[in-house]
Amino acid sequence: MKATLLAHIPLEAFRVFDAACRHMNFSRAGRELNITQAAVSRRIKGLEDHLGAPLFTRQGKNLTLTPRGEKLFQRVRASLDYLEESLEPFRTGAGPSIALAASGSVSHLWLGKRLRDFFRDHPDIAIRLTTSDSPADLASENNDLVILYSAGEHPRWDLTPLVAEELAPVAAPDYIARKGLDAATVDLKALAALDLIDYERFNANWISFRPWLERVAPEAFRRMPPPRPHLTFSTYALAIDAALSGDGVALGSLGLIADQLDKGALVQLGNTSLSTGYGYHLGLPKFRTAPPAVLELHKHLLAARAAAEIPDRSQQVSVGGTGK
């Protein structure tokens, strides 16, 4: 709808039109809005005149929307719903709201359960979660609290370690049984011949199966054919979901999938892992004071990090970082 046309239509007409569409009765719409049935009728007629098209078909007391009326109702209702949600933080007596940002893999694999636990104890606090794999979106100053992939430093955020990054191959128990494997004894040569599940590397620092094998066993890697993934997904979270479904072997970030490992939904293959020196950090803004609700969620998430700690392994390899 053109701005010049909107400038001549009273905004109240859209509110009246919305009520008339929901009730399909001008009298009931008028009672909701505390105006007369005649006032509703005049406003609808004025809206139709401005738009140059009928919005209702009238048959006695029965109303039906015309195709154009139906399309307008959908757009008006969506706009009013959006405005209602946008005004929610400004309502008197509304509880505190927190803008939290995290990557897709953190949100999907680790954060959800911790937020549900938080809501159980803090039902009055609302959280708006931004899920993005863009570093700029995650570190935006519009956020109150962030989870960043980092070595521990950021110019605008005070970072506290949350989940260390350690990478190892994992698979579902039914896949392991179907292949007749002993999970604890799978070596790197046998691993390369399995149904590997990978993800697309949109960042040169991310590690998929080929660079993982090259870093944990450089000599053996040079002697074996390059691994060819059986499945490749656009996101890391989808690759882990495929492993959970028994489709093959994924490269697990052990801290992020600690819940799935604890439940036995995924099992580590072999005992070789790659510690990158990077990890996921919880960030508070450096240059503004965080409200009490933000500090409460910060405290809750840090308390949950113990469950994501990785035990020492005899064949752990340490290298420079990656991230998802």
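This is a predicted model, so every value here is computed, not measured.
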With sequence neighbours excluded, what pairs up with [X] under the side chain to side chain contact (heavy atoms under 4.5 Å, CB included) test?
{"X": "Glu296", "value": "Phe118, His122"}
{"X": "Ser79", "value": "none"}
{"X": "Ala168", "value": "Leu254, Gln268, Ser273"}
{"X": "Arg288", "value": "Glu141, Asp144, Trp157, Pro285"}

Carboxylate-amine/guanidinium contact [X] [Y], below 4.0 Å:
{"X": "Asp174", "Y": "Lys179", "result": "no"}
{"X": "Asp81", "Y": "Arg77", "result": "yes"}
{"X": "Arg42", "Y": "Glu48", "result": "no"}

Could you tell me which residues satisfy side-chain hydrogen bond (donor to acceptor under 3.5 Å, both in side chains) with [X], sequence neighbours excluded, listed by chain and number?
{"X": "Ser150", "value": "none"}
{"X": "Arg178", "value": "none"}
{"X": "Lys113", "value": "Asp117"}

Notebook entry, point to check: Taking the side chain from His281 and the backbone from Ile147, do they hold a donor-acceptor pair closer than 3.5 Å?
Noted result: no
List the atom pairs, donor and acceptor, that lie under 3.5 Å between side-chain atoms in residues 64-73 and the rest of the protein, sequence neighbours left out.
residue : atom : partner : partner atom : Å
Thr66   : OG1  : Pro54   : O            : 2.9
Thr66   : OG1  : Leu55   : O            : 3.4
Thr66   : OG1  : Gly69   : N            : 3.0

Item checked: Co-members of the apolar cluster containing Ile197 [side chain, <4.5 Å] -> Leu231, Phe233, Leu238
Margin query: I'd like to check the salt bridge (Lys or Arg N to Asp or Glu O under 4.0 Å) partners of Asp49; sequence neighbours left out, ordered by chain and number.
Written below: Lys45
Which donor-acceptor pairs under 3.5 Å do the side chains of residues 239-251 make with protein atoms, sequence neighbours left out?
residue : atom : partner : partner atom : Å
Asp241  : OD1  : His108  : NE2          : 3.1
Asp241  : OD2  : His108  : NE2          : 3.0
Ser245  : OG   : Asp241  : O            : 3.1

Check: What residue pairs, at least two apart or across chains, pass ring pair (Phe, Tyr, Trp, His ring centres under 6.0 Å) with a residue in residues 22-49?
Finding: Phe26-Phe56
